[in-house]
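Because the structure is predicted, anything quoted here is derived from the model rather than measured.
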Amino acid sequence: MAAPAPVTQQIVGGATPVATPTGPERGQPLAAAVAELPVLDARGRRVPFGALFRERRAVVVFVRHFLCYICKEYVEDLAKIPKSFLQEADVTLIVIGQSSYHHIEPFCKLTGYSHEIYVDPEREIYKRLGMKRGEELSSSGQSPHIKSSLLSGSLRSLWRAVTGPLFDFQGDPAQQGGTLIVGPGNTIHFMHLDRNRLDHKPINFVLQLVGVEHVNFTSRPSVLHV
C-alpha cells in the first residue's frame, strides 16, 4: 500500500495557502451537526454525510449542478481515476450534487462516473460548509479538465435541459461547489471553496495530497455527449 502523503495546506476561497498540522487528531473538525445531515443515494435512500468517511479518508467533490458543462467535464475526468489507485491508498472518492436523486443515474451514465455519488437537494451541507452562491470574478487559470468553450459548453447544457424529462437545471445554477479531504471520522484535512465555476482544484493536485497515484487525463473520449 502506498504511504499517504501528508496534507500540509488548507485553502478556503481565495485565501493564501497556510501550513496546518498534519494528522487527523490535529485537523479541523467537521461539526457534528453537519456530519449528521443527510445525503441521498441514487435510490433516494438517506445516508448521514459523516457516514461516508467514518472509516477512511475521502476526497469529497461538491459540484454546482448536473447540467453544468464544466461540472460534467470535471466529473468525466474524475471517472478516469482507476479504483485500484484509490484502493491502494485506502481513499474513497465521492461526488455530491444538489439536484434530485432521480438525476444521479443519468448523470453517471453521461459521464462514465462509477465511484460514489450522492445529492444534497436542499443544499444544507453546501450552506453549512460556507460554499458560496454567485460568482466571484477572478482569474482561475486554464483548467486541464475543461475541454469545451463557454459557448459550445453552454449550448450543450441548454440542449440537455430542453431535451430532458423535465426542463430544469438539476440544481441551483448560482451555487458553487468545493473540494474536501476528510476522515477517518469528522476531521477535515483540506478544504477548497470554489469562487466561481472554473475555480475547482486540478484533480492530480488533490490526489497527491492523499497519496493517490497521478492519472493521465490527456486521453479524450471519441464520442461527444450532448
Side-chain angles (χ1 to χ4, degrees), residues 2 4-5 7 11 39-42 47 49 52-53 56-99 101 103-120 125-126 129 131 140-148 153 156-157 160 170-171 175-183 189-194 196-225:
V7 176
I11 303 177
V39 292
L40 305 182
D41 68 11
V47 180
F49 179 49
L52 305 182
F53 40 81
R56 63 173 62 182
R57 284 184 305 164
V59 173
V60 185
V61 178
F62 290 80
V63 298
R64 296 180 62 247
H65 59 86
F66 287 164
L67 280 180
C68 169
Y69 77 93
I70 291 172
C71 297
K72 169 185 170 290
E73 294 181 2
Y74 189 78
V75 173
E76 282 176 338
D77 275 2
L78 288 174
K80 295 177 183 178
I81 302 173
K83 292 187 177 181
S84 60
F85 286 15
L86 298 168
Q87 292 167 352
E88 182 70 17
D90 197 26
V91 171
T92 301
L93 174 63
I94 301 166
V95 165
I96 294 182
Q98 38 119 3
S99 74
Y101 72 89
H103 296 302
I104 291 179
E105 287 188 2
F107 184 71
C108 289
K109 183 177 180 181
L110 179 70
T111 59
Y113 182 85
S114 61
H115 304 289
E116 291 190 43
I117 183 168
Y118 303 88
V119 291
D120 173 22
I125 300 172
Y126 285 76
L129 291 176
M131 294 180 186
S140 301
Q142 181 64 38
S143 170
H145 307 294
I146 307 308
K147 304 90 182 173
S148 300
R156 284 197 291 272
S157 293
R160 286 197 287 129
Q170 300 182 21
Q175 179 66 58
Q176 303 303 320
T179 300
L180 277 71
I181 297 172
V182 60
H189 307 286
F190 172 88
M191 184 173 185
H192 173 83
L193 305 182
D194 298 347
N196 55 58
R197 67 189 67 190
L198 289 169
D199 192 38
H200 52 250
K201 300 305 294 181
I203 295 170
N204 275 326
F205 172 90
V206 179
L207 294 182
Q208 182 179 15
L209 293 181
V210 291
V212 174
E213 185 176 341
H214 277 211
V215 177
N216 180 3
F217 295 111
T218 58
S219 61
R220 297 295 179 233
S222 57
V223 177
L224 183 64
H225 297 292

Quick check: closest heavy atoms across [X] and [Y], and the distance to 0.1 Å?
X    : Y    : answer
G97  : V63  : CA-CG2, 3.8 Å
D194 : G178 : OD2-N, 3.5 Å
G211 : A89  : O-CB, 3.7 Å
R56  : D90  : CZ-OD1, 3.3 Å
Y126 : Q176 : CD2-O, 3.7 Å
G112 : A79  : O-CB, 3.5 Å

Is there side-chain contact between [X] and [Y], with at least one heavy-atom pair below 4.5 Å?
X    : Y    : result
L207 : F85  : no
L180 : F53  : no
V215 : N204 : yes
I81  : L93  : yes
R64  : I70  : no

Inset, instruction - Check whether any side-chain N or O of H192 sits under 3.5 Å from a backbone N or O of D199 as a donor-acceptor pair, and report yes or no. - result: yes
Legend entry - D120 side chain vs I125 backbone, donor-acceptor pair below 3.5 Å: yes
Inset, instruction - Apply the side-chain contact (heavy atoms from CB on, under 4.5 Å) test between V95 and each candidate in V59, V119, L78, I104; give the one that qualifies. - result: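 Only one of V59, V119, L78, I104 forms a side-chain contact (heavy atoms from CB on, under 4.5 Å) with V95, namely L78.
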Inset, instruction - Check L52, L40, V60 against Y118 for a side-chain contact (heavy atoms from CB on, under 4.5 Å) and give me the one that passes. - result: L52
Legend entry - Qualifying residues under side-chain hydrogen bond (donor to acceptor under 3.5 Å, both in side chains), relative to E213, sequence neighbours excluded: none
Inset, instruction - Could you list the residues that satisfy side-chain hydrogen bond (donor to acceptor under 3.5 Å, both in side chains) with Y101, not counting sequence neighbours? - result: none
Inset, instruction - Could you tell me if the ring centre of H200 sits under 6.0 Å from that of Y74? - result: yes
What is the distance from atom [atom1] of [X] to atom [atom2] of [Y], rounded to the nearest 0.5 Å?
X    : Y    : atom1 : atom2 : value
K83  : T92  : NZ    : OG1   : 11.0 Å
F107 : S99  : CZ    : OG    : 9.0 Å
T179 : M131 : OG1   : CE    : 7.5 Å

Inset, instruction - Give the C-alpha distance, both sets of side-chain angles, the deciding distance and a yes or no for side chain to side chain contact (heavy atoms under 4.5 Å, CB included) between L110 and F66. - result: CA-CA 10 Å; L110 179 70; F66 287 164; over 6 Å; no
Inset, instruction - State which residues pass ring pair (Phe, Tyr, Trp, His ring centres under 6.0 Å) with Y113; sequence neighbours excluded, sorted by chain then number. - result: H115
Legend entry - Sequence-distant partners of E105, side chain to side chain contact (heavy atoms under 4.5 Å, CB included), two or more places apart: A42
Inset, instruction - Could I get the full list of side chain to side chain contact (heavy atoms under 4.5 Å, CB included) partners for P106, not counting sequence neighbours? - result: none
